[in-house]
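Here's the structure we're looking at; comments come further down.
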Amino acid sequence: AWAMEQAEDSKRKFASTDVFVPFNAQPKYLDKTKIENSNNQNNSVAELCARNYDNAEYDERKGLVVFQRYCHMYREGEMEDLASKIEGTKIIESGYESGNHFILLEVL
């Protein structure tokens, strides 16, 4: 899970624990029925998808459709606190790596 705490040289900086982050979608993974009835032959598939999906944008430089997705940024210790409340499990390992917190649980 993404960590609120990021390295100083990280390109990711978060103002709060609940944020929207860009998600770059390749057009081949999107529902083509949204663009089948389009009569504009001069636009790329990505441009047409971006026009036909709510809250999507077209990134011309990358040729991708960009959505904003919700993410919760976990603070140090938050995942362990949540996991400790799950009955029938125990925390085997937890830590921080490459801007992410992780946790390994064992089902008892």
Side-chain angles (χ1 to χ4, degrees):
W2 280 10
M4 185 70 183
E5 307 83 16
Q6 295 289 315
E8 293 214 13
D9 61 344
S10 174
K11 65 181 179 177
R12 295 183 178 98
K13 302 290 181 207
F14 306 108
S16 71
T17 57
D18 295 305
V19 297
F20 285 94
V21 296
F23 173 74
N24 299 315
Q26 294 179 28
K28 66 182 178 180
Y29 297 113
L30 300 175
D31 181 3
K32 299 295 188 291
T33 59
K34 289 204 174 254
I35 63 168
E36 285 176 355
N37 296 326
S38 177
N39 58 6
N40 191 338
Q41 301 297 321
N42 297 325
N43 297 102
S44 70
V45 172
E47 287 176 283
L48 295 172
C49 285
R51 286 186 187 166
N52 290 290
Y53 274 90
D54 291 337
N55 302 313
E57 295 179 6
Y58 173 62
D59 185 328
E60 186 175 348
R61 186 175 60 82
K62 295 179 182 177
L64 299 173
V65 181
V66 182
F67 297 94
Q68 294 296 315
R69 66 177 174 167
Y70 167 82
C71 283
H72 177 75
M73 303 301 134
Y74 288 87
R75 295 186 186 278
E76 185 177 358
E78 185 178 356
M79 290 179 67
E80 291 86 347
D81 182 50
L82 290 169
S84 70
K85 297 173 183 173
I86 303 171
E87 291 185 29
T89 65
K90 75 174 184 178
I91 298 172
I92 300 299
E93 183 181 359
S94 66
Y96 176 88
E97 183 179 305
S98 302
N100 295 281
H101 291 293
F102 69 88
I103 191 163
L104 181 61
L105 296 177
E106 179 181 358
V107 177
L108 303 174

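- Listed by chain and number, the residues in a side chain to side chain contact (heavy atoms under 4.5 Å, CB included) with R69 are W2, V21, F23, C71 (sequence neighbours excluded).
- Between F14 and V19 the shortest heavy-atom distance is CD2-CG2, 4.0 Å.
- The number of heavy atoms from other shown groups lying within 6.0 Å of CD (E97) does not exceed 12.
- By the rule that hydrophobic residues join a cluster once side-chain heavy atoms approach within less than 4.5 Å of another member, M73 and L82 end up as members of separate clusters.
- In terms of hydrophobic clustering, with Ile, Leu, Val, Met, Phe, Trp and Tyr side chains grouped at heavy-atom distances under 4.5 Å, Y74 and I103 are assigned to a common cluster.
- Every residue two or more places apart in sequence or in another chain that forms a side chain to side chain contact (heavy atoms under 4.5 Å, CB included) with E93 is listed here: F102, L104.
- Smallest separation of non-hydrogen atoms from S94 and E80: OG-OE2, 2.8 Å.
- Cluster note: F20 groups with Y70 through ILVMFWY side-chain heavy atoms spaced under 4.5 Å, whether in direct contact or through intervening members.
- The side chain to side chain contact (heavy atoms under 4.5 Å, CB included) test applied to I86 returns T89, L105, not counting sequence neighbours.
- Under the rule for a side chain to side chain contact (heavy atoms under 4.5 Å, CB included), the partners of E5 that lie at least two apart in sequence or sit in another chain are A3, R75, E76, H101.
- Considering only heavy atoms from C-beta on, N55 stays 4.5 Å or farther from Q68 through its side chain.
- Of all the heavy atoms in A25 and F67, the pair that sits closest is CB-CE1, 3.9 Å.
- Residue pairs that meet the salt bridge (Lys or Arg N to Asp or Glu O under 4.0 Å) test with at least one member in residues 6-21, sequence neighbours left out, do not exist here.
- Here OG of S84 is found 12.0 Å from CE of M79. Values are rounded to the nearest 0.5 Å.
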